[in-house]
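Read through the structure below, which is laid out as structure tokens, and then see the notes.
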Amino acid sequence: MLFNRMETGRASISDAVYMEVITGLHGTTMPTVLAAACQAMVGAITTYETGDMMTAGLTVAGVAVAIIRLFEIFAFRRRLARMPQLGRAEAALWERRYVAGTIATASLLGVFAARSIVLGDALCSVMAIGIGFGFGAGVVARLALRPVAALLDLVAIAAPAAIVTFMQPDLRHVGLGLLILMYVAASFEMVRLSFNASINQITLKRQFEQLSRIDPMTGLSNRSVLATDLAPMLAAGMVAVHTLDLDRFKEANDRFGHPVGDALLRQVAGRLRAIAAAEDLVIRMGGDEFVLVQRAAADAEPMAQRIVQSIGAPYDVEGQLIELGASVGVAVAPEDGRTAEALLSRSDKALYRAKQERGGYVLARDLRMDKTVSGRSASEGLAA
């Protein structure tokens, strides 16, 4: 059941939350540093007291793996700071590297503890087993959202020591082996409980994320989406920003009442959604103002024509036949601007001109070419 739930839970995690999880795994170096420091100290003491070269080799290997893991963590942080942004597929590769490092550390600590038991020095055994138990507790805390990795780590830590203890014929070793197995069983249960709680929290977070980005009136995206999504769309290539206001909406709202006005806004949203492509953004900015961000920027003017025609068709609301219009301002990246702020500013200026001309659409490039409006030559028009 745990593994089935795990697959369902992981599939339900949005890309943004998944990136948050992977970033969190690489968020601290302290567990890696402490595990290496503890193993180095205990290994040095055990080697000094017993002269065992296998313990010395395991100690050196543990420190070497810790150094490699630290390099991996710092490499991830450097990659996170570079463009393009880290995608889910690449993040999964970093996750596998991190998990491989934890399993290698767990395996070395498990063999390290087993060797200390074989050597028979009680204090050295206690210290070595204590490191393993401490690392296991950290695994439960850090890898709750990666149950398979957590379970593999716990088995790698406990199995060698448990096997060695059960190979000893006396009651004390058998008791120690049973304690180790009970610790692993309890850790398994903690992983399960932590995983379920984390998935529930992530599900709630995803729902809140979606609600915070949706306009409750129309079901379209709200203006917060424009603030977060337009810049990445610009970085990915050309886009066209269509800013539009409804013509004669205030008159219709005043004449027929707010319920009819709300129904009109929902129908307008449906028409915009119908003419937009799947990868486009359709946003209600507030009131009767909308923005359509079009990825196929080469088709910007035909899209503006479709918007004007679609919004201008009559509406049937509760038996009332209502006619609206649309004024549309269009700005295309990169010719009209290379930043979200520049594009929105120029599309707003084009929208203002369209409203002055009582509807239809106006392209920002036409304003740049119009010396009587801009007061500048076309070559001076691009500032952003």
Side-chain angles (χ1 to χ4, degrees), residues 83-85 218 220-249 268-269 271-313 324-384:
M83 295 297 291
Q85 291 184 334
T218 61
L220 298 177
S221 299
N222 61 28
R223 64 189 309 141
S224 68
V225 175
L226 192 66
T228 58
D229 291 14
L230 180 53
M233 291 175 70
L234 275 170
M238 290 177 60
V239 299
V241 175
H242 303 260
T243 302
L244 61 133
D245 277 353
L246 302 181
D247 300 331
R248 300 182 296 278
F249 173 77
V268 169
R271 293 184 184 187
L272 290 174
R273 194 183 288 113
I275 62 177
E279 64 272 16
D280 294 343
L281 283 179
V282 184
I283 296 163
R284 183 190 176 208
M285 298 294 287
D288 62 346
E289 183 181 354
F290 298 82
V291 170
L292 190 153
V293 182
Q294 180 188 13
R295 286 192 182 273
D299 193 33
E301 188 167 2
M303 172 62 83
Q305 293 172 349
R306 290 194 294 272
I307 291 172
V308 172
Q309 292 170 358
S310 177
I311 301 303
L324 302 176
S327 298
V328 184
V330 186
V332 180
E335 63 186 52
D336 294 323
R338 296 185 177 89
T339 66
E341 293 78 11
L343 281 177
L344 291 170
S345 174
R346 291 186 171 92
S347 66
D348 275 339
K349 291 177 180 177
L351 170 63
Y352 180 73
R353 169 62 70 85
K355 292 176 73 70
Q356 285 182 322
E357 296 177 355
R358 299 185 181 279
Y361 68 90
V362 171
L363 305 178
R365 68 167 180 259
D366 294 337
L367 297 183
R368 297 204 320 272
M369 300 296 292
D370 189 351
K371 294 181 182 180
T372 62
V373 173
S374 66
R376 299 177 296 178
S377 68
S379 63
E380 296 172 329
L382 184 60

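These numbers come from the heavy atoms of this one structure, side chains and all, not from hydrogens, waters or symmetry mates.
- Using a distance-only test at 3.5 Å, with no hydrogens or angles considered, no donor-acceptor pair links the side chain of Arg346 to the main chain of Ala331.
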Show the atom names and distances, to 0.1 Å, of all donor-acceptor pairs under 3.5 Å that link a side chain in residues 237-245 to residues at least two apart or in another chain.
| from | atom 1 | to | atom 2 | distance (Å) |
| --- | --- | --- | --- | --- |
| His242 | NE2 | Gln294 | OE1 | 2.8 |
| Thr243 | OG1 | Ser347 | OG | 2.8 |

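- Residues forming a side-chain contact (heavy atoms from CB on, under 4.5 Å) with Thr228 (at least two apart in sequence, or on another chain): Arg213.
- Using a 4.5 Å cut-off on side-chain heavy atoms (C-beta onward), Val291 and Val282 make no contact.
- Every salt bridge (charged side-chain N to carboxylate O under 4.0 Å, His left out) that Arg306 has, sequence neighbours left out, goes to Asp299.
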Next on the checklist: Run Leu234 and Leu343 through side chain to side chain contact (heavy atoms under 4.5 Å, CB included) and show every step you take.
Outcome noted: CA-CA 10 Å; Leu234 275 170; Leu343 281 177; 3.4 Å; yes
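- Within the structure, salt bridge (charged side-chain N to carboxylate O under 4.0 Å, His left out) contacts touching residues 275-298 (residues at least two apart or in different chains) are Asp215-Arg284.
- To the nearest 0.5 Å, atom CG of residue Leu367 and atom CZ of residue Arg353 are 5.5 Å apart.
- To the nearest 0.5 Å, atom CG of residue Leu272 and atom OG of residue Ser310 are 6.5 Å apart.
- Under the side-chain contact (heavy atoms from CB on, under 4.5 Å) criterion, Ala326 pairs with Ile311, Val328, sequence neighbours left out.
- Residues passing the side-chain contact (heavy atoms from CB on, under 4.5 Å) test with Ser221, sequence neighbours excluded: Val225, Ile283.
- Between the side chain of Arg365 and the backbone N or O of Val332, no donor-acceptor pair lies under 3.5 Å.
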Show me the donor-acceptor pairs within less than 3.5 Å that the side chains of residues 355-364 make with the rest of the protein, sequence neighbours left out.
| from | atom 1 | to | atom 2 | distance (Å) |
| --- | --- | --- | --- | --- |
| Tyr361 | OH | Glu301 | OE2 | 2.8 |
| Tyr361 | OH | Gln305 | NE2 | 3.1 |

Item to check | Chi angles and distances behind the side chain to side chain contact (heavy atoms under 4.5 Å, CB included) call for Val330, Met303 | outcome: CA-CA 10 Å; Val330 186; Met303 172 62 83; over 6 Å; no
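- The side-chain contact (heavy atoms from CB on, under 4.5 Å) test applied to Ala235 returns no partner, not counting sequence neighbours.
- For Arg248, the CZ atom sits in a packed shell: over 12 heavy atoms of surrounding residues, nucleotides or ligands are nearer than 6.0 Å.
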Next on the checklist: Determine whether Asp247 and Leu324 satisfy the following criterion, side chain to side chain contact (heavy atoms under 4.5 Å, CB included), listing intermediate values before the conclusion.
Outcome noted: CA-CA 6 Å; Asp247 300 331; Leu324 302 176; over 6 Å; no
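- Leu220 places a side-chain heavy atom less than 4.5 Å from the side chain of Phe290.
- Residues satisfying the side-chain hydrogen bond (donor to acceptor under 3.5 Å, both in side chains) criterion with Ser224, sequence neighbours excluded, are Asn222.
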